> 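Below: one structure in structure tokens.
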Amino acid sequence: MHCKPLILTALSVLAVAPALAAGPDTTRHQAQIDQIVKEISPLRIEGYINKLVGFRTRHTMSDTVSETEGIGAARRWIKSELERCGAAQGGRLQVAFDSHVAPVSARISRPTEIVNVVATLPGTQAASVDRMYVVSGHYDSRNTDVMDAKGDAPGANDDASGTAAVMEMACVMAKYKFDATLVFMTVAAEEQGLLGAAHWAELAKQKNLNIAGMFTNDIIGSSRDEHGKVDNTQVRLFAEGLPVQKENSDTVRTLIQTGGENDSLSRQLARAVKEAGERYVPKFKVNVIQRRDRYLRGGDHMPFLERGYAALRFTEPAEDFNHQHQNIRTENGVLIGDLPQYDDFNYIAQVARVNAAALSSLSLAPAAPAKVQVRTAKLQNDTELVWQANAEPDLAGYRIVWRDTSAAEWQGSQFVGKATEFTLPLSKDNYYFGVQAIDTEGNASPASYPTPLR
């Protein structure tokens, strides 16, 4: 993270405790992450997309018996390909179907088996193995009529692009070791109501899984907008602030009361993703959009958000709706449909690299500090922060970060070693604060927002 002091008052923080070391270098490149980013292949991504398109349709209610057409053939191929990759990388990648039967609903005309393909790469650090990061793309496709289960629905961008990115990440990252556990999912029935993702998220909630972050990659295939303008230099990352709910939880009420609407778990995760992605993928911007998704639209991260998990959505800079949710046809000399010739495979690889860099950085870093609080018992212009100690054996210490109340990104920082409380000569009235955990290699957790300690 690149933190710039705000003003002279913030600069003076560095002089408050001259005995404190600067801490590990959090801006340097980790060789393992550089190698992972380097190995992401546009050519393999193109091959995955063409194979998925070759199943003709991947509609949720399409053929499940054929070996060459329909969603059944698609999911079996995805599973076999992930198993092949896992076996080639030492067998640590655990691949399985996650299945349930969806009842009749608005977009399901008959009881239908919904099958996710889930590949899990277990963490290798005892203190971190229960912490999970999930990345998904949806492999189902659709036509103009969302109930059309027989017509050609290639879904090259929506969402073979995201599915291919997830498969590529799983195959590349399976040979490497991470402290925390990584879960690579290709989910079904997104187009029928986010059914596959919702099923897995609900099971995770029931099992009390420690999902520290979730990304979905949906419509990441094209760098060209509807006017033909190419922008292959950025990706949109949608991050929710306050959740949509009928009644506010205590957590949300505290955020509102203290002005922390921009410091939700998802916004903190987005800051970490942006920092890691832009560090390891140069000249490629992670454009954080402060919305849960596109205007009144949704994706597979939403079931995770609804269950209290931090979750984000990656999407291309500008969607071309001629190549999304459309029957293949020619109108006024223009070919319409979600076809692979409209995908930019080099662009998809860039987005996959951002994902992989962020997942790697997060899963090598310690967990975000727990029970971060700001003391409020007395009136003062200093800010006293306290937090719970982390358990990771490679912990180097903690970093306090801050920013002006009008700023979106962290602007100042102070490494404080392994202390679990610290006083800054900055007013909690004027700044937002966070606390990060940092390991000996310089991997930093997302920041934790302090709640009031009365």
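Hydrogens, waters and symmetry mates play no part in the numbers below; they use all other heavy atoms, side chains included. Note that the coordinates shown come from a computational prediction; the quantities given were computed from them, not determined experimentally.
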> Could you tell me whether the side chains of H323 and D338 share a donor-acceptor contact shorter than 3.5 Å?
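No - no donor-acceptor pair under 3.5 Å links their side chains.
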> Donor-acceptor pair, distance only, cut-off 3.5 Å: does the side chain of D140 make one with the backbone of E191?
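Judged by distance alone, yes, a pair lies under 3.5 Å.
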> Whether R271 and E275 form a salt bridge (side-chain N of Lys/Arg under 4.0 Å from carboxylate O of Asp/Glu) is what I want to check.
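Judged by the 4.0 Å cut-off on N to carboxylate O distance, E275 and R271 do not form a salt bridge.
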> Within the side chain of R313, is there an N or O that forms a donor-acceptor pair under 3.5 Å with the backbone of G298?
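The answer is yes, because a donor-acceptor pair under 3.5 Å joins these two groups.
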> Validate the cation-pi geometry between K38 and Y280: distance from NZ or CZ to the six-membered ring centre under 6.0 Å, angle to the ring axis within 45°.
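Not satisfied by the 6.0 Å and 45° rule.
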> Considering residues, nucleotides and ligands other than R110, do more than 12 of their heavy atoms fall under 6.0 Å from its CZ?
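Counting neighbours around CZ of R110, more than 12 heavy atoms of other residues, nucleotides or ligands fall under 6.0 Å, so yes.
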> For E113 and S99, which I'm curious about, is there any donor-acceptor pair between the side chains at under 3.5 Å?
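Yes, side-chain donor-acceptor contact under 3.5 Å.
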> My understanding is that only residues two or more places apart in sequence, or in another chain, count here; which of them pass side-chain contact (heavy atoms from CB on, under 4.5 Å) with R253?
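Only N248, D250 meet the side-chain contact (heavy atoms from CB on, under 4.5 Å) criterion with R253.
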> Ignoring hydrogens and geometry, is there a side-chain-to-backbone donor-acceptor pair from T57 to K150 under 3.5 Å?
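Flag not set: sc T57 to bb K150 has no pair under 3.5 Å.
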> Do the ring centers of Y432 and W402 come within less than 6.0 Å of each other?
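No - the distance between ring centres of Y432 and W402 does not fall below the 6.0 Å cut-off.
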> Would you confirm whether Q373, through its side chain, and L385, through its main-chain N or O, come within 3.5 Å as a donor-acceptor pair?
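Absent.
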> For R291, look at atom CZ and say whether over 12 heavy atoms of other residues, nucleotides or ligands are found less than 6.0 Å away.
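Counting neighbours around CZ of R291, 12 or fewer heavy atoms of other residues, nucleotides or ligands fall under 6.0 Å, so no.
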> Short question: side chain of R56, backbone of G54 - any donor-acceptor pair under 3.5 Å?
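Absent.
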> For the pair Q125 and F178, evaluate side-chain contact (heavy atoms from CB on, under 4.5 Å) and give the outcome as yes or no after the intermediate values.
CA-CA 8 Å; Q125 186 184 84; F178 304 91; over 6 Å; no
> Please collect all disulfide (SG to SG under 2.5 Å) contacts where either partner lies in residues 66-117, sequence neighbours excluded, each pair once.
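Non-adjacent pairs meeting disulfide (SG to SG under 2.5 Å): C85-C171.
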> Check the pair S66, T68 against side-chain hydrogen bond (donor to acceptor under 3.5 Å, both in side chains), reporting the backbone distance first and the verdict last.
CA-CA 5 Å; S66 170; T68 58; 3.3 Å; yes
> Looking only at atom types and distance, does a side-chain atom of S360 sit under 3.5 Å from a main-chain N or O of A357, one as donor and one as acceptor?
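No; judged by distance alone, with no hydrogens or angles, the pair does not exist.
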> Is the backbone of T181 close enough, under 3.5 Å, to the side chain of R131 for a donor and an acceptor to pair up by distance?
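A pair under 3.5 Å: no.
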> Do R403 and N262 pass the side-chain contact (heavy atoms from CB on, under 4.5 Å) test, and can you show the C-alpha distance, the side-chain angles, and the key distance before you say yes or no?
CA-CA 12 Å; R403 68 181 195 278; N262 200 19; 3.9 Å; yes
> Applying side-chain contact (heavy atoms from CB on, under 4.5 Å), run through V354 and F284 and close with a yes or a no.
CA-CA 9 Å; V354 167; F284 193 80; 3.7 Å; yes
> Would you find a donor on one side and an acceptor on the other, under 3.5 Å apart, between the side chain of S41 and the backbone of R44?
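Judged by distance alone, yes, a pair lies under 3.5 Å.
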> For E69 and F55, indicate whether the former's side chain and the latter's backbone hold a donor-acceptor pair under 3.5 Å.
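Answer holds: no.
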> Name the one of D158, D225, I219 that satisfies side-chain contact (heavy atoms from CB on, under 4.5 Å) with E319?
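The single option meeting the side-chain contact (heavy atoms from CB on, under 4.5 Å) with E319 is I219.
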> Distance alone, cut at 3.5 Å: any donor-acceptor contact between the side chains of D218 and H138?
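Yes, side-chain donor-acceptor contact under 3.5 Å.
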> Looking only at atom types and distance, does a side-chain atom of D439 sit under 3.5 Å from a main-chain N or O of P366, one as donor and one as acceptor?
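Here the side-chain-to-backbone pair does not exist.
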> Start with the C-alpha distance between V386 and L453, add both sets of side-chain angles, then the distance that settles side-chain contact (heavy atoms from CB on, under 4.5 Å), and finish with yes or no.
CA-CA 9 Å; V386 298; L453 175 60; 4.0 Å; yes
